[in-house]
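Data block below; observations after.
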Amino acid sequence: PESFDSFNEFFHRRLNPAARPIDPDPSSVVFPADGRHLGFQRADRIDSVFVKGQAFNLPRLLGDQELAGQFAAGPLVLSRLCPVDYHRFHFPAAGTAGSPRLIEGPLFSVSPISLRRRLARLWENKRVITRLDSTGAGSVLIIEIGATCVGSIQQTFDPGTKIAKGDEKGYFAFGGSSVITLFEPGRVQLADDLLEWSAKNTELYANMGSKLGMLR
């Protein structure tokens with residue numbers, strides 16, 4: 001304990017790399033964070049997230065109608081972190097990452113109880129959007145979403161540089177929050193177990209670096 005200046009410093013600490021091995025298959029993409037995950041093969045056909053009748057509003061999430069159209073028919077993965085989880089997030093594939101884009105907003109809770117009442121918290125809250133240009137996976141969007149007690153979304157990567165699958169992207173300071181990963185249509189097939197449990201509105205727990213899906 002004495003090696004940390006604060007609890008927050010302990011909370012978002014880096015782990016021994018051996019604690020989170022990155023799936024070695026060159027055709028795989030990986031979960032960007034530890035947490036509870038829901039995956040949908042088409043973002044524009046999501047009509048059930050914890051409860052029926054709540055669809056994702058991609059234009060509002062991304063703040064860009066044209067960009068939303070590019071990803072509407074592609075896979076979407078929602079990764080929800082709790083305070084007990086490792087709180088650094090990573091890149092799901094190799095490529096070149098652009099500059100993060102901040103969209104300001106409030107910091108409402110993104111717990112399942114909150115999202116059952118209002119899924120729109122995901123596109124109302126403060127969020128940071130980064131585009132990753134990947135040779136195999138095409139364009140990938142990684143969106144970090146702030147929440148109650150998690151107003152600090154810190155980026156630790158250098159925009160414009162080459163990154164490897166699983167490289168660190170940044171971290172959330174104290175609290176729990178969410179990461180949304182969006183893929184272009186026809187690029188990635190999500191893992192069977194992720195789709196199976198998500199169809200039952202049940203989150204699948206997985207660590208960062210575990211296989212999220214495969215390149216098509």
With rounding to the nearest 0.5 angstrom, report the [atom1] to [atom2] distance, [X] to [Y].
X	Y	atom1	atom2	result
Leu194	Lys211	CG	NZ	13.0 Å
Trp123	Phe56	CH2	CZ	6.0 Å
Ile46	Asn57	CD1	CG	11.5 Å
Thr96	Ile163	OG1	CD1	7.5 Å

Locate the shortest heavy-atom distance separating [X] from [Y]; write the atom from each residue and the value.
X	Y	value
Arg216	Gln189	NH2-OE1, 2.6 Å
Pro92	Leu132	CD-CD2, 4.5 Å
Ser178	Leu78	CB-CD1, 4.0 Å
His87	Cys82	CE1-O, 2.9 Å
Ala137	Val188	CB-CG2, 4.4 Å
Val30	Gly209	CG1-O, 3.3 Å

- Query: Excluding sequence neighbours, so at least two apart, what forms ring-ring contact (aromatic ring centres under 6.0 Å, His included) with Phe183?
  - Reply: none

- For Tyr171, which residues count as a ring-ring contact (aromatic ring centres under 6.0 Å, His included) partner, sequence neighbours excluded?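 For Tyr171 the ring-ring contact (aromatic ring centres under 6.0 Å, His included) partners, ignoring immediate neighbours, are His12.
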
Check whether [X] reaches the backbone of [Y] with its side chain - one donor and one acceptor, N or O, closer than 3.5 Å.
X	Y	result
Asn125	Gly146	yes
Ser134	Ala94	yes
Gln41	Leu190	yes
Gln65	Pro59	no

Side chains of [X] and [Y], heavy atoms from C-beta outward: is any pair under 4.5 Å?
X	Y	result
Arg187	Val140	no
Phe31	Val77	yes
Leu81	Phe89	no
Asp64	Ile129	no
Ile143	Val179	no
Ile22	Met208	yes
Lys126	Leu102	yes
Phe157	Asp167	no

- Counting heavy atoms not belonging to Lys162, are there more than 12 under 6.0 Å from its NZ? no

- Within 6.0 Å of CZ in Arg42, more than 12 heavy atoms from elsewhere: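 More than 12 heavy atoms, drawn from other residues, nucleotides or ligands, come within 6.0 Å of this atom.
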
- Query: Going through the checks in order, is the side-chain contact (heavy atoms from CB on, under 4.5 Å) test met by Arg127 and Leu122?
  - Reply: CA-CA 9 Å; Arg127 54 206 182 277; Leu122 294 174; over 6 Å; no

- Query: Can you pull the salt bridge (charged side-chain N to carboxylate O under 4.0 Å, His left out) pairs that have at least one residue in residues 20-29, sequence neighbours excluded?
  - Reply: Arg20-Asp34

- Query: Are Leu67 and Arg131 close enough, and set up right, to give a side-chain contact (heavy atoms from CB on, under 4.5 Å), and what steps lead you there?
  - Reply: CA-CA 11 Å; Leu67 187 62; Arg131 182 193 289 265; 2.9 Å; yes

- Message: Between Leu58 and Leu76, does the side-chain contact (heavy atoms from CB on, under 4.5 Å) criterion hold? Intermediate values first, please.
- Response: CA-CA 10 Å; Leu58 282 186; Leu76 180 150; 4.2 Å; yes

- Applying side-chain hydrogen bond (donor to acceptor under 3.5 Å, both in side chains) between Thr130 and each of Gln155, Lys169, Arg101, report the one that passes. Lys169

- Query: Side-chain heavy atoms under 4.5 angstrom apart, residues restricted to Ile, Leu, Val, Met, Phe, Trp, Tyr: same cluster for Met214 and Leu204?
  - Reply: no

- Judged by modelled atom types alone, do Lys165 and Ser28 share a side-chain donor-acceptor pair under 3.5 Å? yes

- Task: Decide side-chain hydrogen bond (donor to acceptor under 3.5 Å, both in side chains) for Gln154 and Thr156; before the verdict, give the C-alpha distance in whole Å, the side-chain angles of both, and the deciding distance to 0.1 Å.
- Result: CA-CA 6 Å; Gln154 300 292 335; Thr156 58; over 6 Å; no

- Task: Please assess Glu184 against Phe71 for the test side-chain contact (heavy atoms from CB on, under 4.5 Å), listing each intermediate value before the final yes or no.
- Result: CA-CA 5 Å; Glu184 290 182 301; Phe71 288 86; 3.7 Å; yes

